[in-house]
Structure formats: C-alpha cells, structure tokens
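In what follows, chains are A, B, ... by sequence order, proteins preceding strands, each numbered from 1. Since we're looking at a predicted model, the values are computed, not measured. Heavy-atom basis, side chains included; hydrogens, waters and symmetry copies ignored.
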Number of protein chains: 2
Amino acid sequence: MRQYGQFCPLAKALDVVGDRWTLLIVRELSERPCRYTDLRDGLPGIATNLLADRLKSLEAAGVISVEAAPPPIATNLYRLAERGEALLPALHELVLWGAPLLADADETDEVRSRWLVAAAQAMFAGIDVSDADPLEVALDIDDEPITLSVEHGQLHAELGTVPHPDVRIACDGPTASAILRGQLHLDAATRQDRAQINGTRTARARLARLIDAGRVTPQRMVPGR
Amino acid sequence: MRQYGQFCPLAKALDVVGDRWTLLIVRELSERPCRYTDLRDGLPGIATNLLADRLKSLEAAGVISVEAAPPPIATNLYRLAERGEALLPALHELVLWGAPLLADADETDEVRSRWLVAAAQAMFAGIDVSDADPLEVALDIDDEPITLSVEHGQLHAELGTVPHPDVRIACDGPTASAILRGQLHLDAATRQDRAQINGTRTARARLARLIDAGRVTPQRMVPGR
DNA sequence: CTGCATCCGCTTCGATACTG
DNA sequence: CAGTATCGAAGCGGATGCAG
C-alpha cells in the first residue's frame with residue numbers, strides 16, 4: 001500500500017493494517033492458526049494473489065508468523081505474532097461498532113459462524129459476570145458449532161462444541177447473531193421457528209441475563225471509553 | 001468501496017470506514033469541527049475529489065454531519081455525528097497500536113501537532129491519575145500549541161495553549177511525541193537541546209511520573225483487554 | 001490438494017486543472 | 001473557499017497455470 005507519510009500513530013497503524021482485507025486476515029487468525037486454504041475459505045471473494053501479498057506484508061511487519069513444515073508434507077501454518085495479538089483490542093472495538101450494521105445485512109452475505117466467535121468475544125470482553133454461575137451454551141450453527149461458557153467470572157466464546165451444555169441452540173448464523181446482539185429474544189426465536197432451543201428454564205433465563213448484560217454496557221455508551 | 005459481502009461485524013465496519021483516508025478524516029474531526037480546507041490541511045496528500053467522495057459516504061453512513069451556512073457566506077462545517085463519536089474507542093486502540101511505529105518514522109513525514117492530541121488522549125484515556133494534583137502542561141509545538149492538563153482525576157489533551165502552565169515545553173512534533181511516549185526523557189531532551197523546558201522541578205517531576213504511567217499500562221500488555 | 005505466480009479487465013486512486 | 005472534471009497510474013478481482 002501507498003504510505004500516508006504522516007507522523008501520526010493512526011496513520012502509521014493504517015500503513016500496516018489499513019489495506020483492504022488485511023484486518024479480515026487478522027480476524028481469521030484471531031481464532032486459530034490457519035493454512036492458506038483455511039484463510040481463503042474465511043475470506044470469500046479475496047483474490048489469491050492478494051492473499052499471498054497481504055500475508056507477505058503482514059509477516060514483514062511482524063503481525064503474523066509463518067511456520068513452515070519440512071518439504072515432504074509441506075503445509076505452512078499462519079498465526080498471529082505478538083504484534084498481531086496486540087491488534088485484537090482495536091479489532092474488538094471495530095467489531096462493536098460494526099455490530100449494529102448487521103441488523104440490515106444483505107441476504108446474500110456470506111456467513112461463517114466463526115465470525116460470530118470474534119463478535120461474541122468482543123461483546124462480552126470486560127463484562128463482569130463474576131456473580132454468574134458456570135454456564136455452558138452450545139450454539140449449533142450449520143456445520144460449525146461454537147460454544148459460550150462462563151467460567152470463574154469470565155465469559156468465553158470459542159469454536160467447537162461441548163457434550164452436555166446447559167443450553168443448546170440450533171439455528172443459522174444470522175439468527176444466532178441476532179440473539180447474541182439482543183435483537184431477537186430467545187423465546188421469540190423459538191416461536192418464529194428460527195431456532196430450536198434446549199435446556200432448563202433456569203439455564204435459559206441465565207443465558208438471557210447474560211445477553212442483556214452484553215447488549216449495552218455503560219463504557220460503550222460513552223465514546224471516551 | 002466495494003463491499004465485502006460478509007455477515008460479520010468487522011467486515012460491516014470496514015465497509016463503512018475501511019476505505020483509504022476514511023479513518024484519518026474521522027481523526028481530523030475528533031478534535032474539532034472542520035471546514036473543507038481544514039480537512040485538506042490535516043490530510044496532506046489526499047486528492048480533493050477523494051475527500052469530497054469520502055465526506056459524502058461518511059455523511060450517508062451517519063458518521064459525520066454537515067452544517068451548511070446560508071448562501072451569502074457559505075462555509076460548510078463538518079463534524080462527527082453520534083455514530084462517528086462512537087468510533088473513537090476503535091480509533092484510540094489503533095493509535096495505541098501504531099504509536100511504537102513512530103519510533104522509526106521517516107524524516108520527510110508530515111507533522112501536525114494536532115495529531116499528537118489524539119495520540120495523547122488515547123494514551124492517557126483510562127489512566128488513573130486521581131492521586132495526582134492538578135497540573136497544566138503547555139506544549140509549544142511550532143505554530144500549533146497543545147495543552148495537557150490534569151483536572152479532578154482525569155488527564156486531558158486538547159488544542160490550544162494556556163497562559164500560566166506549570167510546565168512549558170517548546171519543541172517540534174517528533175520530539176514532543178517521543179517525550180509523551182516515554183521514549184525520550186525530559187532531561188535528555190533538554191540536554192540534547194531538542195526541547196526548552198520551563199517549570200519548577202517538582203512540576204517537571206510530576207509530569208515525568210504521568211508520562212511513566214501512560215507509557216505502559218497493564219491492560220495494554222494483555223491483548224484481550 | 002496446497003500455495004502461490006501470472007495475466008487481464010476493471011475500479012479506484014492521485015495529481016492537476018478548472019468552476020461557482 | 002468548496003468543491004467538480006479529467007486522465008494516467010496503481011491496485012483490485014477473477015480466471016488460469018503450475019510446481020511441490
């Protein structure tokens with residue numbers, strides 16, 4: 001990318017990650033290390049040469065690291081370097097800012113449930129749930145399930161499923177997103193037949209309270225953090 | 001900009017502010033409302049048609065608002081709308097991430113001291129200085145002075161100067177930046193003749209402590225916030 | 001199949017000129 | 001002052017090729 005040539009930290013940051021696709025690559029790697037093909041699957045529409053270019057620049061900038069397997073069965077693994085991990089707070093703030101825009105997303109948009117993981121992490125990061133009991137929620141979204149869990153006062157979101165969750169929700173990505181953002185109530189989702197929800201009444205109520213806590217937090221109302 | 005077409009809050013955010021120059025426009029407006037010319041001055045290198053395009057899209061997206069004066073003396077004023085103010089946390093995180101990159105900035109980079117204001121705000125936002133006494137620091141940077149002040153437990157950075165600061169520092173932009181980032185100690189700056197510093201010894205010491213507090217905070221060490 | 005490199009049509013960008 | 005118009009250059013998107 002062309003550099004801005006400004007003595008400004010924001011401009012310098014954008015010199016590195018301001019390019020098209022670049023932050024989305026970081027998003028992909030924020031969940032797990034990826035092979036080239038994994039990245040391409042998570043970035044529908046990217047030109048393969050662009051992906052290769054971006055990976056090179058990101059490595060040069062120290063944002064990602066590449067782990068090359070020896071010749072016989074070569075599969076490069078791309079992962080966030082320390083400098084890349086340091087981008088996650090910025091990424092989270094952008095996710096929070098962009099979340100409302102999902103309300104009027106296009107029908108034809110690509111959907112990956114793993115994108116919701118980053119969104120959930122951003123929404124629930126810093127939310128105090130220390131008063132909440134442990135809770136496991138399995139979200140069965142198409143073929144890529146994700147898990148929400150409350151453990152010792154922290155709420156986690158991650159890829160994968162668990163055998164015996166307190167609540168299990170089967171739905172598509174947009175529905176899961178609407179539920180997590182507090183736009184669609186659990187009961188309403190069931191009633192409209194957009195989701196199948198299993199779990200005890202109390203567990204479902206605890207999940208509803210969590211969602212409510214994540215929906216709008218004071219720090220998010222005030223721009224100055 | 002071409003849309004990503006992904007059902008992902010980050011992608012949606014980048015659909016709006018991911019374009020080249022866009023976040024820098026938000027940076028300019030984060031300090032004060034701007035006329036078109038002010039914006040162009042703060043965005044050296046931008047093509048005027050691009051600026052016009054971006055302003056249109058940003059207004060359409062509700063990020064900025066335009067206040068048009070009546071025909072006789074028409075001077076449009078651009079300012080951040082509510083949705084634009086909500087971008088500041090993300091902008092701050094990017095600023096924090098980009099700050100270390102200033103260490104090896106190019107000599108030919110453009111410099112505006114007002115860019116340091118956004119940087120200082122980001123660095124000191126959330127820093128607890130409730131135990132610090134009120135303090136006013138005037139930074140006389142070329143022709144655009146800025147002020148740091150500690151008032152009722154909050155540290156503020158803003159454009160403009162004050163008549164009787166506790167500490168007054170005259171230097172150029174990069175030097176001020178290096179001092180604020182903790183890369184250049186106040187005494188060293190004086191010794192190397194890069195800055196002229198006035199103020200009592202105790203006031204200077206208090207400033208030094210502030211800078212040290214802003215330099216690295218625990219929350220910034222841990223990526224997950 | 002993975003991990004790119006190359007080519008090509010098209011869009012966007014950057015620089016300059018010009019107008020109300 | 002506040003933009004619009006124009007045009008060459010660069011970057012992007014899509015298709016294809018190809019080595020390990």
Side-chain angles (χ1 to χ4, degrees), chain A residues 1-6 11 14-25 28-29 32-61 64-79 108-110, chain B residues 1-6 11 14-25 28-29 32-61 64-79 108-110:
Chain A
M1 150 182 277
R2 194 186 163 83
Q3 312 269 98
Y4 284 110
Q6 300 185 357
L14 294 176
D15 280 344
V16 178
V17 299
D19 258 334
R20 193 162 162 72
W21 293 109
T22 305
L23 277 180
L24 296 185
I25 293 174
E28 288 303 306
L29 296 173
R32 72 236 182 279
C34 290
R35 295 169 301 170
Y36 192 88
T37 316
D38 300 329
L39 287 169
R40 225 174 24 184
D41 171 65
L43 303 164
I46 196 174
T48 173
N49 57 346
L50 261 193
L51 177 54
D53 284 356
R54 296 286 185 268
L55 290 173
K56 274 200 191 58
S57 337
L58 284 174
E59 191 190 2
I64 67 173
S65 63
V66 187
E67 190 182 313
I73 307 162
T75 292
N76 285 4
L77 260 194
Y78 298 88
R79 61 179 75 238
T108 64
D109 281 350
E110 296 275 343
Chain B
M1 151 182 273
R2 197 186 161 82
Q3 312 269 96
Y4 285 110
Q6 299 185 357
L14 294 177
D15 280 344
V16 178
V17 298
D19 258 332
R20 191 160 163 73
W21 293 110
T22 305
L23 278 180
L24 296 186
I25 293 175
E28 288 303 307
L29 295 174
R32 72 233 183 282
C34 290
R35 295 171 300 170
Y36 192 88
T37 317
D38 301 328
L39 287 169
R40 227 174 20 184
D41 171 66
L43 303 165
I46 196 174
T48 173
N49 57 347
L50 260 194
L51 177 53
D53 284 356
R54 297 287 185 267
L55 290 173
K56 275 198 191 58
S57 337
L58 284 174
E59 192 190 1
I64 68 174
S65 63
V66 187
E67 191 182 312
I73 307 161
T75 293
N76 283 5
L77 260 193
Y78 299 88
R79 63 179 74 239
T108 64
D109 281 350
E110 297 275 343

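- Distance CG (B:L39) to P (D:dG3): 10 Å, rounded to an integer number of Å.
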Only distances under 3.5 Å count here; give the side-chain donor-acceptor pairs of residues 38-52 of chain B to other protein atoms, sequence neighbours excluded, each with its distance to 0.1 Å.
residue: B:D38; atom: OD1; partner: B:R35; partner atom: NH2; Å: 3.3
residue: B:D38; atom: OD2; partner: B:R35; partner atom: N; Å: 2.9
residue: B:D38; atom: OD2; partner: B:R35; partner atom: NE; Å: 3.3
residue: B:D41; atom: OD2; partner: B:R114; partner atom: NH2; Å: 3.0
residue: B:T48; atom: OG1; partner: B:Y36; partner atom: OH; Å: 2.8

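- Closest to the side chain of A:D19, out of D:dC12, C:dC4, D:dT4, is D:dC12.
- Atom CG in A:D38 sits about 13 Å away from atom P in C:dC4, given to the nearest Å.
- The side chain of B:T37 places an N or O atom within less than 4.0 Å of a non-bridging phosphate oxygen (OP1 or OP2) of D:dA2.
- Residue A:K56 places none of its side-chain N or O atoms closer than 4.0 Å to OP1 or OP2 of C:dG3.
- As a whole-Å value, the separation of A:L43 CG from D:dG14 C1' is 16 Å.
- A straight line from CG of A:D53 to P of C:dA5 spans 8 Å, rounded to a whole angstrom.
- Comparing the local axis fitted to the first five base pairs of the helix from C:dC1-D:dG20 to C:dG20-D:dC1 with the one fitted to its last five gives a bend of 30°, rounded to 10°.
- Note: CZ (A:R40) to P (D:dG13) measures 15 Å, nearest angstrom.
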What does nucleotides 14-20 of chain C look like as a protein-contact string, B for base, S for sugar-phosphate only, - for none, at under 4.0 angstrom between heavy atoms? BBBB---
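- Panel note: side chain B:N76, backbone B:V66; no donor-acceptor pair is recorded below 3.5 Å.
- Straight-line distance from the CZ atom of B:R54 to the P atom of C:dT12: 10 Å, rounded to whole Å.
- Side chain of A:D15 to backbone of A:Y4: a donor-acceptor contact under 3.5 angstrom is found.
- Taking atom CG of A:D15 as the reference point, atom P of D:dG11 lies 13 Å away to the nearest angstrom.
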A:R20 vs B:R2, side chain to side chain contact (heavy atoms under 4.5 Å, CB included): CA-CA, chis, key distance, verdict: CA-CA 10 Å; A:R20 193 162 162 72; B:R2 197 186 161 82; 3.7 Å; yes
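- Contact record, A:T22 with A:V16: CG2-O, 3.9 Å, taken as the closest heavy-atom pair.
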Please lay out, stage by stage, how B:R79 and B:L77 fare under the test side chain to side chain contact (heavy atoms under 4.5 Å, CB included). CA-CA 7 Å; B:R79 63 179 74 239; B:L77 260 193; 4.0 Å; yes
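- In this entry the distance linking CD1 of A:I25 with P of C:dG3 reads 14 Å, nearest Å.
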